[in-house]
Novice: 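One structure is given below, represented as structure tokens, and several questions about it will come after.
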Amino acid sequence: MKPTFLLLAAASTVILAGRPSVPPTRSVKAKLPVTRPATVSSRTANAADASDIKLTSGFTSTVFADNLGKARHVVVDKAGTVFIKLEKLNDGKGIVELIDSNGDGRADQTVMFGNNTGTGMAIFNDYLYASSDTSVYRYKLTNGKVMETTPAEPIITGLTLQRQHASKSLAISPDGKLFVNFGAPSNACQEKDRQKGSKGMDPCPILEEYGGIWQFDANKLNQHKADGKRYATGIRNAVALDWNTATNTLYAMQHGRDNLNNWGGVFTDEVSAELPSEEFLMVKEGSDFGWPYCYFNHNENKKFLAPEYGGDGTKVDRCAGKDKPIMAFPGHWAPNDLLFYTGNQFPARYKNGAFICFHGSWNRAPLKQGGYFVAFVPFGKDGRPSGKYEVFAENFAGVAEQGQPGTSTNAGKLDLASPGDAKARPVGLAQGPDGSLYISDSVKGKVWRVKYMAKK
């Protein structure tokens, strides 16, 4: 369960409030109107801000906010306040606070604060947790808001900035365990990163400090990397993390490696476009999912030895004992957020199931680009998928798609030349106190609110 209780525009005014670390400062631009499109296509007759994303039958969406900047993860407080983390500062601020004060389903108060960019967001024990690429910090919440004088409290500091896979996405368990992604600053732990013919370092020294998930104490201030412990390893990069309260277990989505085609032979461009799989992981303490030595092939339902370590597409070797995913998806779809749904607004089949945000690919040539949609995975009581994944929301990119909402048929295949051509890219997920689903976009910072329309 993410956000709301445990974890982690017809607007009238926008207030830009400076809330960096101590001491806090504030700058105010009163009655500055939120920028909104002059016209918005509507899927429902009575919703001027309805969006044009396609949803599974029975659901409807409206634009809760727009033009916030390059958004990343999103959380919603029990009071209904929506918080968005930004990848790039907007007017010098890195967190957006959105409030719908009149209950019309659209944000009409926007406050910006904090001076760090980043990805991770969570809410725990009336604190808003957020991360930059080198730290984790929190703000005390007062009636669902971060007040003007509230300082940022350092939870983890002094982390080294890495040149790739630096996002410190996070999740918090009900008993206060803080889990942080430490993505590997490498594609496949080669002697020369991403270079053709460069062998993998064996053993991979990167795994000592990266390529896994570390556990910290969510209630303790001023921790450093050495204060945490490696909870799981062999994970190249897990931008999507969530704690499933139904099974009391951590889950993650792994970004699979690139450039299998650097090795030629059986690793053709077509194979490299489809493999390795994006892996849905049930993460236990001590789990080892095999990166960089292994990659997963969803067509064979098996882990194989990576070519940097002598693999030829058929060798299993040391990968036989590595932990397997509970589900796998085609390569390079970029799963950037994960949410276990615990609300009661959606039909019962969605309860404790998983929503996954696929940010979208850039390197699936010569095949069509993939991802750019939100999937739903039904779960059983054993904490594993009970059926195939389904396309829940699509058409974010605004180009022709071959998928069909409510199914996995031809899912995520787009006529898109590059990610830069996408009108929107889904990147974050959160659950509101009424059971609504919020989806954030990384292109311009749009936020959708998805509701179920009960049959009369």
Side-chain angles (χ1 to χ4, degrees), residues 1-8 72-76 83 85 118-124 128-133 135-136 138 155-156 159 165-184 210-218 228-256 278-289 291 323 325-327 329 333-342 352-359 374-375 377 379 383 426-431 440:
M1 169 183 172
K2 192 172 278 195
T4 322
F5 304 109
L6 293 175
L7 285 182
L8 292 172
R72 295 292 281 178
H73 286 177
V74 53
V75 290
V76 185
F83 296 94
K85 198 74 176 70
T119 294
M121 298 284 278
I123 290 176
F124 176 72
L128 172 68
Y129 287 74
S131 72
S132 71
D133 290 348
S135 66
V136 178
R138 71 181 184 182
I155 300 296
I156 306 171
L159 303 178
H165 308 148
S167 298
K168 298 299 180 288
S169 48
L170 53 90
I172 305 176
S173 67
D175 60 354
K177 294 184 178 70
L178 170 63
F179 299 95
V180 181
N181 168 55
F182 281 81
Y210 300 96
I213 297 170
W214 264 251
Q215 178 187 316
F216 299 87
D217 184 346
K229 68 175 182 179
R230 185 170 60 186
Y231 187 78
T233 191
I235 304 172
R236 178 175 176 266
N237 190 28
V239 182
L241 299 174
D242 197 15
W243 185 269
N244 185 345
T245 57
T247 61
N248 206 34
T249 305
L250 181 68
Y251 290 78
M253 292 292 306
Q254 176 173 219
H255 282 223
E278 308 284 51
E279 299 179 51
F280 194 171
L281 311 176
M282 177 191 287
V283 185
K284 303 284 189 177
E285 186 169 2
S287 293
D288 182 353
F289 294 98
W291 181 93
D323 292 312
I326 56 173
M327 180 175 277
F329 302 83
W333 280 7
N336 270 13
D337 209 1
L338 170 66
L339 170 75
F340 284 95
Y341 185 79
T342 60
N352 298 319
F355 287 98
I356 302 170
C357 229
F358 287 106
H359 196 223
V374 175
V377 179
F379 262 63
V427 68
L429 297 164
Q431 180 186 311
S440 60

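When reading the values below, keep in mind they use all heavy atoms of this one structure, side chains included, and skip hydrogens, waters and symmetry mates. One is the number of the first residue; the rest follow in order along the sequence. This is a predicted model, so every value here is computed, not measured.
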Novice: Describe, in one word, how the ring planes of Trp333 and Phe358 are oriented to each other, choosing from parallel (under 30°), tilted (30 to 60°) and perpendicular (over 60°).
Specialist: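 It falls in the perpendicular class, over 60°.
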
Novice: Test of understanding: with salt bridge (charged side-chain N to carboxylate O under 4.0 Å, His left out), list the residues that count as partners of Lys168, not counting sequence neighbours.
Specialist: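 So Lys168 forms no salt bridge (charged side-chain N to carboxylate O under 4.0 Å, His left out) with any residue.
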
Novice: Using side chain to side chain contact (heavy atoms under 4.5 Å, CB included), reason through Met121 and Val74 one step at a time and then give a plain yes or no.
Specialist: CA-CA 6 Å; Met121 298 284 278; Val74 53; over 6 Å; no

Novice: Take Glu285 and Leu250 through the test side chain to side chain contact (heavy atoms under 4.5 Å, CB included) and record every step on the way to the result.
Specialist: CA-CA 9 Å; Glu285 186 169 2; Leu250 181 68; over 6 Å; no

Novice: Nearest 0.5 angstrom please: Ser167 OG to Phe182 CZ, how far?
Specialist: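 Spacing of OG (Ser167) from CZ (Phe182) equals 12.0 Å.
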
Novice: Counting only N and O atoms by type, is there a donor-acceptor contact under 3.5 Å from the side chain of Tyr129 to the main-chain atoms of Ile172?
Specialist: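 Such a contact is absent between Tyr129 side chain and Ile172 backbone.
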
Novice: Side chains of Asn237 and Asn181: is there a donor and an acceptor less than 3.5 Å apart?
Specialist: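 On atom types as modelled, these side chains qualify, holding a pair under 3.5 Å.
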
Novice: Could you check whether the rings of Phe379 and Phe340 sit parallel, tilted or perpendicular, using 30° and 60° as the cut-offs?
Specialist: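 Ring orientation, 0 to 90° scale: perpendicular.
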
Novice: Drop me the distance from Arg138's CZ to Phe124's CZ, to the nearest 0.5 angstrom.
Specialist: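 Atom-to-atom, Arg138:CZ and Phe124:CZ are 9.0 Å apart.
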
Novice: Within the structure provided, determine whether Gln254 and Trp291 are in side-chain contact (heavy-atom separation under 4.5 Å).
Specialist: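 Yes, close enough: below the 4.5 Å cut-off.
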
Novice: What verdict does the side chain to side chain contact (heavy atoms under 4.5 Å, CB included) test give for Ile156 and Ser135, after you've listed the backbone C-alpha separation in whole Å, the side-chain angles of each residue and the deciding distance to 0.1 Å?
Specialist: CA-CA 5 Å; Ile156 306 171; Ser135 66; 5.9 Å; no

Novice: What pairs with Asp217 under salt bridge (charged side-chain N to carboxylate O under 4.0 Å, His left out), at least two apart in sequence or on another chain?
Specialist: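 Asp217 satisfies salt bridge (charged side-chain N to carboxylate O under 4.0 Å, His left out) with no other residue.
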
Novice: Checking the side chain of Asp323 only, and the main-chain atoms of Phe289 only, is there a donor and an acceptor separated by less than 3.5 Å?
Specialist: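 No, Asp323 side chain to Phe289 backbone: no donor-acceptor pair under 3.5 Å.
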
Novice: Closest heavy-atom contact between Val239 and His73?
Specialist: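 Nearest heavy atoms, Val239 then His73: O-CE1, 3.2 Å.
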
Novice: To the closest 0.5 Å, what do you measure between CD (Gln431) and OG1 (Thr342)?
Specialist: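 Gln431 atom CD to Thr342 atom OG1 measures 3.5 Å (nearest 0.5 Å).
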
Novice: Could you check whether any side-chain N or O of Arg72 sits under 3.5 Å from a backbone N or O of Gly118, counting only pairs where one atom can act as donor and the other as acceptor?
Specialist: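 It does not hold such a pair.
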
Novice: What distance separates Gln215 CD from Ser173 OG, expressed to the nearest 0.5 Å?
Specialist: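 The OG atom of Ser173 is 7.5 Å from CD of Gln215, to the nearest 0.5 Å.
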
Novice: With Phe179 as reference, evaluate Tyr251, Phe216, Tyr231 under the ring pair (Phe, Tyr, Trp, His ring centres under 6.0 Å) test and give the passing residue.
Specialist: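 So, applying the ring pair (Phe, Tyr, Trp, His ring centres under 6.0 Å) to Phe179 and each of Tyr251, Phe216, Tyr231, only Tyr231 qualifies.
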
Novice: If I compare all heavy atoms of Glu278 with all of Pro335, which pair ends up nearest, and what's the gap?
Specialist: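 Minimum heavy-atom contact is OE2-CD, 3.4 Å.
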
Novice: Can you name the nearest heavy-atom pair linking Lys85 to Ser131, along with the distance?
Specialist: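 Nearest heavy atoms, Lys85 then Ser131: CE-O, 3.2 Å.
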
Novice: With rounding to the nearest 0.5 angstrom, report the CG to CG distance, Asp337 to Asp242.
Specialist: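 Answer for the CG-CG pair, Asp337 versus Asp242, is 7.5 Å.
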
Novice: How far apart are the closest heavy atoms of Pro174 and Thr245, and which atoms are they?
Specialist: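 It is CG-CG2, 4.3 Å.
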
Novice: Specify the closest pair of heavy atoms between Ala252 and Ile213, including all atoms of both residues, with the distance to one decimal.
Specialist: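 Where Ala252 meets Ile213 most closely, the heavy atoms are CB-CD1, 4.2 Å.
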
Novice: Apply side chain to side chain contact (heavy atoms under 4.5 Å, CB included) to Ile356 and Phe329, showing your working.
Specialist: CA-CA 11 Å; Ile356 302 170; Phe329 302 83; 3.8 Å; yes

Novice: What pair of heavy atoms forms the shortest contact from Ala354 to Leu338, and how long is it?
Specialist: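 Smallest interatomic distance, heavy atoms only, reads CB-CD1, 3.9 Å.
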
Novice: What salt bridge (charged side-chain N to carboxylate O under 4.0 Å, His left out) pairs are there with at least one residue in residues 172-182, not counting sequence neighbours?
Specialist: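 Sorted result for residues 172-182: Asp175-Lys177.
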
Novice: Could you state the interatomic distance from CG (Asn336) to OG1 (Thr119), rounded to the nearest 0.5 Å?
Specialist: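 Asn336 CG to Thr119 OG1: 7.5 Å, rounded to 0.5 Å.
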
